[in-house]
Student: 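Right, I'll just put the structure down here and ask away after.
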Amino acid sequence: MTRAPRPGTRALGSAEAWMRARGWVPLDFQRQTWAAIGAGHHGLLHATTGAGKTYAVWLGLLQRHAAPPAATGGPRLLWITPLRALAGDTAAALQAPMAALAPGWRLGVRTGDTPDAERTAQQRRWPEALVTTPESLSLLIARADAPALLAQVAAVVVDEWHELLASKRGVQVQLALARLRGWQPAVQVWGMSATLANPDEAAAALLGPTAAASAAHVRAPQAKPITVDTLLPAQVQRFAWAGHLGAAMVPAVVAALEGCRSALLFTNTRSQTEWWYQALLDARPDWAGQIALHHGSLDPQVRRWVEHGLKTGALRAVVCTSSLDLGVDFAPVERVLQIGSPKGVARLLQRAGRSGHAPGQPSRVTLVPTHALELVEAAAARDAVQAGRIEPRPALRAPLDVLVQHLVTVALGGGFRPEALLAEVRTTHAYADLSDQDWRWCLDFVRHGGASLHAYPEYRRVQPDASGVWRVPDARLARRHRLNIGTIVADAQLEVRYLNGARLGTVEEGFAARLRPGECFVFAGRTLELVRLHELTAWVRDARGQPPRVPRWQGGRMPLSTTLADAVVARLEAAAHGVFDGPEMAAVQPLLALQGRWSRLPTRQHLVAEVLHDREGCHLFVYPFAGRDVHAGLAAWLAWRAAQAQPRTFSLAVNDYGLELLCAQPVDWAAALPRWLQPPDRATLQAELLASLHAAELAKRRFREIARVAGLLEPGHPGQRRPARQLQASAALFWAVFCRHDPDNRLLHQAQAEVLMQELDLDRLHDALQRMARQTLCLQTIARPTPLALPLWVERQRERLSSETLAARLQRLVAQLERAADAPARAARGRGRRRANPTQEAA
DNA sequence: GACCTGCTGCGGGATG
């Protein structure tokens, strides 16, 4: 016979006793968590990865909620994890405490990976504790028996909440939690998150604005110090070409790897991962089998194999992308290296946390600059880490596509009455300010398909029945909706397979489409020859000889964060005052000194712009340090303003530090720039931005995602999803129909709003302009590209020239610049604009 | 010796 402890009992079967029985002394933050849970609070536990936080929350919830298992009924405790790959390990960790504190309880895992047999077994008798994903939770809510099934949920844990917070997946979780509270108002919610700059917003999003006010915030102390150091290049170039691979750093990285048993090498792109894996193998052929690569386009089986190798310590090093940012605890990883810019402080901390996982070991991350200016970034990143300055993760507001999906989900899961559901939806942070009009529009959209689709029965997805409860009237629509649940919209992928059928992974359709049969590319660490493309598969064989192309995936954009960019400017300002602290700044001093000599160093008070006249025309370089997305918007906007004054054509280039505008005709920037940089009010800025960019085209692309989430597109069957080209075609059709017959369609507005806010980052652009207006504009006339200007010059040329032509031109230019830099300053100024023939000048 | 740039994440359910 099993005896369940009464809620709140502290004697036998308590969290404390369980830990002591294992010889562990409970930590303060664990006791605080148990106390807060015992007192019935909701809460957020801020802690870095590690088993300590799992025991804090799980033991606390078991202690409070364990009760004798019921023969029928549904899960009592839900554990939400953003990664299905984490679900198994999590379940394993939860098992032992549960066996002790809730005898007789069973633990289940339910994700898309759960085998059919297990699913049916779960449905015969639901496990008391269930580990699941946000998507699978929504699928539970979409079951006809959901109200009965989920009314017994006493508590929910959301793990890695910071990962979900700023995305539509996070909004999906908010809506699901509101639904659970609707059935069981007492449901206790706890989140676990990495350190955040906006903990209050994170709590409001997780718990709802009302409950968040009284929520417990428990902070686990930083268990171990974090060290940020840098591999210095043997020689720092004054004229870096905006490279990103870091080829020069291969020997230093090899040396670093020789000294340690296991390491993770993080890169920023998948193709860079492939490149580095090859470079390491070329340098150390004897490491074959001891190193591996890992990224999101590799076959899951390959990825599992690599993860296993890391866990067992069989691998010396793995080159990876963010695909290993989260995941199983790889205890043996000794070192973490970050190749190229870390882009943000939170990212860097996350990656640093992958090392020194054992207690007492410090976390250490070594930055490997691939470009001279990244030395400044490295010093700045360390400043920000030491000062604890981390990027906020803003929660999304009111994405109507997610709400539309939720309406159909709830209609399936027992149905709803509009007034009651509106009240429930408004308890969430995302929809707290949802207007009555938007709500009515969403209701109408799921009921009739809105103004333009009412003729099509498949868009009459939800109907009120005789008693006024809104339900999905037809089994086919129900099935279609279940297949469509979720907010992740991926690009079209082609499977890469050997002729014998072995799967290697996936590449984007666009990349494969550019390859012809017989051409070679590097993928999954091998050089492959494309034999043929058929359906959605690229058939390949091993290739020898031919120079390969490394696949380029489209991927997301990762602009330098404001937090890190500000830290970079602070370092440049110090340099402007002659302060070069630390090894990185000492190494990059010659480059910065030259920038100061030929032009100026940007500081917080000084906005530096440079004007250069040469054979191409008139170049303007500006360095706002606002990240590449903002610079792209700013460059287009500035060019548009300049063209309003007088018809002109510009070529544009941007990077994370600045932007370039080139015009064949002369432009009097000194007179015009201060005027054109005057920030307009937000509404004008928005209107001018939309006018200056191909905003309609951008919004149209964005709309594909929204149409998918809102359930307008026919979903494929799992395992044979439809190719994106087809998705795009139908999304384009809806776009055209709505624009023409239903211009007030809220989803069109949402597409435009998402482009403005997320792709162009209007807020950040607006802030940047305000800040620039407060700075002193220092317009320098320069005789030749400065160290800050050269990367932008290269960026622009790259689009026009083949890489050979570009390399040759660059080599000439850099040789010229080097000579000018070495010549005494007076002589350099004297040579001015004369375009010297390098051979003459050398003689 | 060479500069090729952009991550991650999820996913039916009922019946035999």
Side-chain angles (χ1 to χ4, degrees), chain A residues 81-87 110-114 116 119-120 122-123 132-140 142-144 160 163-164 167-170 172 237 239-248 250-251 266-275 279 294-297 320-327 340-341 343-344 347 350-351 370-371 412 475 478-490 521-522 547-560 628-629 655-656 708-709 715-719 721 790-791 794-795 797-798 802-804 806-808 810-811 814:
Chain A
T81 167
L83 261 74
R84 55 181 177 211
L86 275 178
R110 194 176 178 97
T111 71
D113 290 339
T114 306
D116 283 358
R119 278 167 191 272
T120 34
Q122 284 173 357
Q123 280 150 225
T132 186
T133 59
E135 287 75 11
S136 289
L137 174 59
S138 290
L139 281 161
L140 289 181
R143 295 173 59 95
E160 312 275 12
E163 284 293 316
L164 297 167
S167 72
K168 289 184 183 175
R169 292 184 86 196
Q172 189 182 2
Q237 301 190 335
F239 298 100
W241 301 12
H244 77 290
L245 283 177
V250 171
F266 283 102
T267 66
N268 290 333
T269 73
R270 285 166 281 182
S271 52
Q272 202 178 4
T273 304
E274 299 275 348
W275 190 94
H294 191 282
H295 60 69
S297 293
C320 60
T321 59
S322 318
S323 55
L324 286 181
D325 268 2
L326 296 178
S341 166
K343 300 287 184 184
R347 244 170 103 84
Q350 180 83 41
R351 292 180 171 187
T370 59
H371 182 280
L412 276 172
R479 187 183 139 82
R480 182 182 135 141
H481 180 73
R482 290 199 179 93
L483 289 167
N484 193 54
I485 280 179
T487 61
I488 298 171
V489 183
F521 61 104
V522 173
R549 302 164 71 168
V550 174
R552 299 199 326 232
W553 289 271
Q554 281 170 355
R557 303 141 307 134
M558 284 173 291
L560 191 68
R628 60 170 302 134
D629 287 6
N655 62 18
D656 272 327
R708 217 295 265 135
V709 173
H717 201 269
R721 298 296 181 183
L790 187 67
V794 177
E795 187 71 36
Q797 297 289 333
R798 185 166 284 147
S802 73
S803 50
E804 290 88 354
L806 176 58
L810 260 168
Q811 234 150 24
V814 168

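Residue numbering restarts at 1 for every chain, and letters A, B, ... go by the order of the sequence lines. Just so it is clear, the model here is predicted, and its values are computed rather than measured.
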Student: If you pin A:Glu135 and A:Leu810 to their nearest nucleotides in DNA chain B, which one's is more 5'?
Tutor: A:Leu810

Student: Can a donor-acceptor pair be found, under 3.5 Å and without considering hydrogens, that links the side chain of A:Arg119 to the backbone of A:Thr114?
Tutor: yes

Student: Measuring to OP1 and OP2 of B:dG9, would you say a side-chain N or O of A:Thr133 lies under 4.0 angstrom away?
Tutor: no

Student: Name all residues meeting the side-chain hydrogen bond (donor to acceptor under 3.5 Å, both in side chains) criterion together with A:Ser322; count only those two or more places apart in sequence or in a different chain, and write none if there are none.
Tutor: A:Arg351

Student: Checking all strands, does A:Gly486 fall into the base, sugar-phosphate, or nothing category for heavy-atom contacts under 4.0 angstrom?
Tutor: nothing

Student: What pairs of nitrogen or oxygen atoms, one from the protein and one from nucleotides 14-16 of chain B, lie under 3.5 Å apart?
Tutor:
| residue | atom | partner | partner atom | Å |
| --- | --- | --- | --- | --- |
| B:dA14 | OP2 | A:Gln123 | NE2 | 3.2 |

Student: According to side-chain hydrogen bond (donor to acceptor under 3.5 Å, both in side chains), who are the partners of A:Glu135, at least two apart in sequence or on a separate chain?
Tutor: A:Arg169

Student: Could you tell me whether B:dG9 is syn or anti, where syn means a glycosidic angle within 90 degrees of zero?
Tutor: anti

Student: As an exercise, state the distance from CD1 of A:Ile488 to CZ of A:Arg708, rounded to the nearest 0.5 Å.
Tutor: 8.5 Å

Student: What's the CG-P distance between A:Leu324 and B:dG9, to the nearest Å?
Tutor: 9 Å

Student: Does any part of the side chain of A:Leu790, heavy atoms only, come nearer than 4.5 Å to the side chain of A:Val814, both counted from C-beta?
Tutor: yes

Student: Would you mind reading off the distance between A:Leu412 atom CG and B:dG12 atom C1', rounded to a whole angstrom?
Tutor: 11 Å

Student: Please classify the nucleic acid contact of A:Ser136 as base, sugar-phosphate, or nothing, using heavy-atom distances under 4.0 Å.
Tutor: sugar-phosphate

Student: Between A:Ser322 and A:Arg482, who's closer to the 5' end of DNA chain B by nearest nucleotide?
Tutor: A:Ser322

Student: What is the distance from CE of A:Met558 to C1' of B:dT8, rounded to the nearest Å?
Tutor: 10 Å

Student: Measure the distance from CG on A:Leu83 to P on B:dT8 and round it to the nearest whole Å.
Tutor: 12 Å

Student: Would a distance-only check, ignoring hydrogens and angles, find a side-chain to backbone donor-acceptor pair under 3.5 Å from A:Arg110 to A:Ser136?
Tutor: no

Student: List the atom of A:Ile485, the atom of A:Ser138, and the distance in Å for their closest heavy-atom pair.
Tutor: CG2-CB, 3.7 Å

Student: Can you tell me if A:Asp656 uses its side chain to pair, donor with acceptor, with the backbone of A:Arg628 under 3.5 Å?
Tutor: yes

Student: Taking the side chain of A:Ala248 as heavy atoms from C-beta outward, which of B:dG11, B:dG1, B:dG9 is closest to it?
Tutor: B:dG1

Student: Is the distance from OP1 or OP2 of B:dC10 to the nearest side-chain N or O of A:Thr111 less than 4.0 Å?
Tutor: no

Student: What is the separation between atom CG on A:Leu326 and atom P on B:dG9, rounded to the nearest whole Å?
Tutor: 9 Å

Student: Rounded to the nearest Å, what distance is computed from the CG atom of residue A:Asn268 to the P atom of nucleotide B:dT8?
Tutor: 11 Å

Student: How would you label the contact of A:Gln172 with the nucleic acid (heavy atoms, under 4.0 Å): base, sugar-phosphate, or nothing?
Tutor: nothing

Student: Contact class for A:Ala478 vs. all strands (heavy atom < 4.0 Å): base, sugar-phosphate, or nothing?
Tutor: nothing

Student: For the side chain of A:Lys343, starting at C-beta, report the closest nucleotide among B:dT8, B:dG1, B:dG6.
Tutor: B:dG6

Student: Look at A:Arg119 and B:dG12 and indicate whether a side-chain polar atom (N or O) is within less than 4.0 Å of OP1 or OP2.
Tutor: yes

Student: Can you tell me how far C1' of B:dG11 sits from CG of A:Leu137, to the nearest Å?
Tutor: 14 Å

Student: Given atom CD of A:Gln272 and atom P of B:dT8, what is their separation to the nearest angstrom?
Tutor: 12 Å

Student: Can you say whether a donor on the side chain of A:Arg479 sits under 3.5 Å from an acceptor on the base of B:dG12, or the other way round?
Tutor: yes

Student: Have a look at A:Leu139 and say if it touches a base, only the backbone sugar-phosphate, or nothing, with a 4.0 Å heavy-atom cut-off.
Tutor: sugar-phosphate

